[in-house]
Structure formats: C-alpha cells, structure tokens
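See structure below.
Sequence lines set the chain letters: A, B, ... in the order given, protein chains first and strands last, and positions in each chain run from 1.
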Number of protein chains: 2
Amino acid sequence: MINFVRDKKKMEKEKTDKKDHILDVAERVFAELGYDGASTRMISGEAGVNMAMLNYYFGSKEGVFLAIFERRITTFQTVLLSIGNDDSINSWEKLDKYLDSYIDKVVTNNCFHIMLNREISKSKKNELTDQITDIIMKNVTVFQNIIAEGIKKGDFNKDADQQLLVATIFGTKNYIVNTPHISSRVLGFDVLDTNIQNDVLKPRFKKYMKTLLKAYLQNENDNK
Amino acid sequence: MINFVRDKKKMEKEKTDKKDHILDVAERVFAELGYDGASTRMISGEAGVNMAMLNYYFGSKEGVFLAIFERRITTFQTVLLSIGNDDSINSWEKLDKYLDSYIDKVVTNNCFHIMLNREISKSKKNELTDQITDIIMKNVTVFQNIIAEGIKKGDFNKDADQQLLVATIFGTKNYIVNTPHISSRVLGFDVLDTNIQNDVLKPRFKKYMKTLLKAYLQNENDNK
DNA sequence: CAAAATTAATCAAACGATTGATTAGTTAAA
DNA sequence: TTTAACTAATCAATCGTTTGATTAATTTTG
C-alpha cells in the first residue's frame with residue numbers, strides 16, 4: 001500500500017471534507033427516507049465510513065441532523081437579511097431580489113429543504129421542531145417585512161392579505177421542491193434534474209412568482 | 001354481567017365503529033409523528049386496543065396506513081370530479097366551487113393531509129409513494145382541467161402558467177395545513193383549533209385564494 | 001329449546017430483526 | 001510516546017409481527 005506524505009494543512013482539509021461528505025450523504029438519505037426512516041447504518045454505509053464515526057464526529061444521530069442545519073442556514077439567512085435591510089432599493093426591487101436569491105437556494109439545496117419540511121410537518125411539538133420553526137421564521141420574517149413596508153409606503157395594494165401571501169410563496173416553493181414526484185408529473189419534467197433546474201425550472205419559477213405577486217399586490221389604478 | 005340483546009345489524013355497526021376508531025387514532029398519530037416515527041404499540045395504546053388487533057384487522061402497519069386512505073379518498077374525489085364535469089356553470093364559477101369544496105375538506109381533515117404529504121415528500125420512490133401520487137394527481141387533474149378549459153374558452157388569461165398555478169393552490173394549502181407550527185405563528189392564531197378553522201381560517205382562505213387567482217387569471221383588458 | 005360445534009374477537013407473551021449507541025482495541029499521525 | 005482517527009464487536013432497547021390460549025358470540029345439530 002502506498003503511503004502518501006501529507007502535511008497538516010492537507011489533513012485538516014481532508015478531515016473536514018470527510019465530515020462534509022458524511023453530512024452530504026446524510027442530508028440526501030434523510031430527504032429520501034425521513035429522519036426516522038433513515039438508519040445510522042444506512043447513512044454510514046452509503047458514506048463509506050464506519051458506523052461509530054457518526055457518533056465520534058457528531059455525538060448522535062440527532063447531532064448529525066443538527067450539523068446539517070448549522071452548515072446550511074448561516075450564510076443563507078445573512079444574504080436574505082441584507083436584502084431586507086437594503087434601503088437603496090424600493091419594495092418591488094426588494095421583492096425581486098428576495099425571490100431570485102430564495103428560489104436559487106431552495107431549488108439547489110432541495111435535499112435540505114425536503115428534510116427540513118418533513119420534520120416541521122410533525123404536528124406534535126418537540127425541541128427539534130421548535131428549533132426548525134425558529135430557523136424558518138427568520139426567512140419568513142424578512143419576506144413579511146418587505147411586504148409590510150411596501151404596503152405602508154403605498155407601493156403595494158393595502159388590501160393584500162400579508163399573512164396568506166406568505167403561505168403562497170413558501171407553499172408554492174415547497175410544493176415544487178418537497179413533493180418532486182407530484183410536481184414532476186404536473187410540470188412534465190424531472191424537477192430533481194440539476195440541468196433542468198438551472199435551465200428551465202428556476203427562471204420559469206422566478207418569472208411566474210413575480211408575475212403572480214405583481215398581479216396581486218399591484219394597486220388597482222396603477223398601470224405597469 | 002348484563003347481556004344485551006343485539007341484532008346482527010347492531011353488531012356490524014359496533015365492529016366498524018371500532019375499526020373506525022383505530023383508524024381515527026392512527027391517522028392522528030401518523031400526522032403527529034410520521035409513519036416511521038409512530039409505532040404500532042403507540043397507536044394501539046392510544047386507541048385502547050390490544051396491539052395484535054391492528055394486524056388482526058388490517059394485516060400490518062402498512063395495512064392500517066392504506067385503510068386510512070381508502071376511508072378518505074373515495075367520497076372526496078367524486079365531489080371534486082362532479083364539479084369539474086358540471087357543464088352548467090362557467091369557468092369562474094367552477095373555480096369558486098372547487099376552492100370551496102377543497103378548502104373545506106382539507107382544513108377539516110388536516111390530519112389526513114398532513115400524513116399524506118409527509119409520505120409523498122420522501123424523494124425515494126416506492127410502492128406507497130406511487131399509490132399516493134396517483135391519489136393526489138386525481139384532485140390535481142380536476143383543477144388543471146378547469147384552468148385549461150377556462151383558458152381555452154378565453155375566460156382566463158392565456159399567458160397564465162397552468163402548471164405553476166397548480167403548485168400555488170396546493171402549495172398554499174399545504175403550507176397552512178401541513179406546517180401548523182409555522183402557519184400559526186404567521187397568521188397569529190392556532191390553525192389546528194376547530195372553531196377558529198370554521199369561523200376564521202376557512203372563509204379568509206377561500207376569499208384570499210379567489211382574489212389571488214382572479215388577479216392572476218383575469219384578462220388584462222377585462223374589468224370586473 | 002338446549003347442547004354442541006364453530007367462528008370471531010381479544011389477549012399476554014414472545015419472536016427475530018433492527019435500531020442508536022458504546023465499548024475495547026487497533027492503526028496512524030504528531 | 002502521546003494523541004487522534006478509526007474499526008469490529010457488542011450492548012440494551014425497541015421495532016413490527018406472530019403465536020397459542022381464552023373469551024364471547026353465532027350457528028348447527030339433536
């Protein structure tokens with residue numbers, strides 16, 4: 001067996017790569033089978049590591065689950081927050097930017113969002129669902145503020161139902177991303193195919209969402 | 001011990017009542033914890049029956065799951081189908097009727113729809129997800145046909161994205177019903193409270209959905 | 001009608017399999 | 001040599017299911 005010479009830098013890189021690899025696999029398996037349906041043996045098996053490594057690295061199965069979260073949420077939320085707080089653009093532009101960023105992210109990281117929504121859909125509360133709720137609410141609040149601000153400024157129709165509009169944008173996204181078997185049959189192509197996602201789904205989804213929101217939020221006496 | 005005189009009719013009633021009771025409980029527990037998260041012990045325990053009764057009546061855990069489906073889908077789908085096939089009303093009225101029936105049903109039977117959507121959100125295909133997909137697609141197809149017909153007739157805007165509109169109506173519904181922790185915080189009330197559902201949620205949801213679809217589907221040169 | 005035979009409903013106990021987790025020991029790196 | 005990375009073996013607990021036995025209800029028989 002050949003023994004490579006590896007410096008410390010390289011090692012650390014490989015270590016985090018290994019942990020990252022485990023999380024990649026776990027994220028996919030959790031999305032495929034759900035948290036309860038996915039076993040630690042299956043995850044470690046597909047990741048090509050010993051089962052005990054999951055506990056060695058992440059402490060427990062739940063630790064793996066939470067590690068997946070921490071990896072995804074931080075950068076994403078700061079991006080959305082910065083859009084919400086950008087005072088140099090008007091409400092319509094904010095809406096556009098938010099939708100562009102949001103749709104890009106959730107379509108690309110669909111495994112994560114499938115996993116996330118499966119767990120939050122458990123109607124019985126527990127520590128985990130509370131944590132997930134808080135995470136999701138941060139994204140929701142940014143969107144809500146954009147709408148509320150737009151209405152206050154007079155850019156958006158004041159009769160709009162802010163709360164249910166939240167349900168529409170996030171619900172529409174969830175439908176496409178989280179139930180791929182259904183949405184693929186409705187749309188006529190495989191929504192999980194990366195190429196189709198980038199070339200067809202994302203632009204079409206963005207365009208649709210903007211048109212829909214414009215139709216609903218536009219003041220009745222306005223013309224475009 | 002008193003021995004009641006009971007005719008055959010009465011007996012059968014009680015038997016189906018018991019099976020129905022088990023399915024009621026199972027439906028709730030599945031919604032609370034997911035299919036994998038809910039154990040047969042827990043279901044039988046909460047239903048107050050011996051564990052073996054689940055297998056005696058329904059063959060297996062999956063049998064319980066499928067029995068819940070058969071109980072719910074039949075009547076519901078015929079109602080929606082009859083609306084879709086009603087030629088005495090125009091497309092706008094069909095849309096209204098469909099939304100009224102659909103929203104009433106899914107909000108009331110929220111446990112069932114939570115359960116249904118949790119399982120279909122597993123991205124790995126299996127026999128069960130295929131069955132659920134077929135069931136869901138029937139409801140979707142009725143809605144799609146209403147939209148397609150309306151566009152063909154010229155009632156609806158021909159530039160409308162039919163497919164993504166499907167994602168919006170069913171997605172918005174799912175968001176409200178399937179993630180009650182989130183939607184309750186967004187809306188500011190408990191979406192699982194039966195009284196609130198009937199007095200507040202249903203009428204508001206119907207009104208919103210109709211307004212949204214009208215804004216999007218209305219021909220640009222039309223006035224109401 | 002009454003006794004016997006048959007069927008349906010229910011139960012506690014136990015089955016083998018699988019779960020998440022831990023151990024004690026080995027290998028590799030610093 | 002000390003520490004970190006990794007492994008095979010094993011743990012108790014829980015899973016869905018099955019069993020054999022028992023009770024209750026119904027039908028058949030004499």
Just checking B:Tyr216 against A:Tyr216, ring centres under 6.0 Å apart? no
When rounded to whole Å, the OH to P distance for the pair A:Tyr56 and C:dA24 reads 17 Å
Checklist entry - Do A:Phe112 and A:Phe69 have ring centres separated by under 6.0 Å? => result yes
Check your understanding: Under 3.5 Å, is there a donor-acceptor pair between the A:Tyr208 and A:Thr172 side chains?
Key -> no
Rounding to the nearest 10°, end axes of the helix from C:dC1-D:dG30 to C:dA30-D:dT1 built from five pairs each make an angle of 10°
B:Phe58 atom CZ is separated from C:dA8 atom C1', nearest whole Å, by 15 Å
A:Lys19 NZ to D:dC6 C1', in whole Å, measures 15 Å
message = Taking the basic N atoms (NZ, or NE/NH1/NH2) and the acidic carboxylate oxygens, is any pair closer than 4.0 Å for A:Lys207 and B:Asp161?
response = no
For B:Phe65 and B:Phe30, take the angle between the two ring planes, folded into 0 to 90°, and tell me which bin it lands in: parallel under 30, tilted 30 to 60, perpendicular over 60.
perpendicular
Query raised in the report: So, is B:Lys18 close to the C:dT10 phosphate, meaning a side-chain N or O under 4.0 Å from OP1 or OP2?
Result: yes
In whole angstroms, the gap separating P of D:dA9 from CE of A:Met53 amounts to 17 Å
Does NZ or CZ of A:Lys138 come closer than 6.0 Å to the centre of the six-membered ring of A:Phe76, within 45° of the ring's axis? no
From CG of B:Leu33 across to C1' of D:dT14 the rounded distance in Å is 15 Å
B/S/- along nucleotides 12-21 of chain C (protein heavy atoms under 4.0 Å) is BBB----BBB
A:Ser183 meets the side chain to side chain donor-acceptor pair (under 3.5 Å) criterion, sequence neighbours left out, with none
Exercise for review: Check the angle between the aromatic planes of B:Tyr102 and B:Tyr98 and answer parallel, tilted or perpendicular using the 30° and 60° thresholds.
Suggested key: parallel
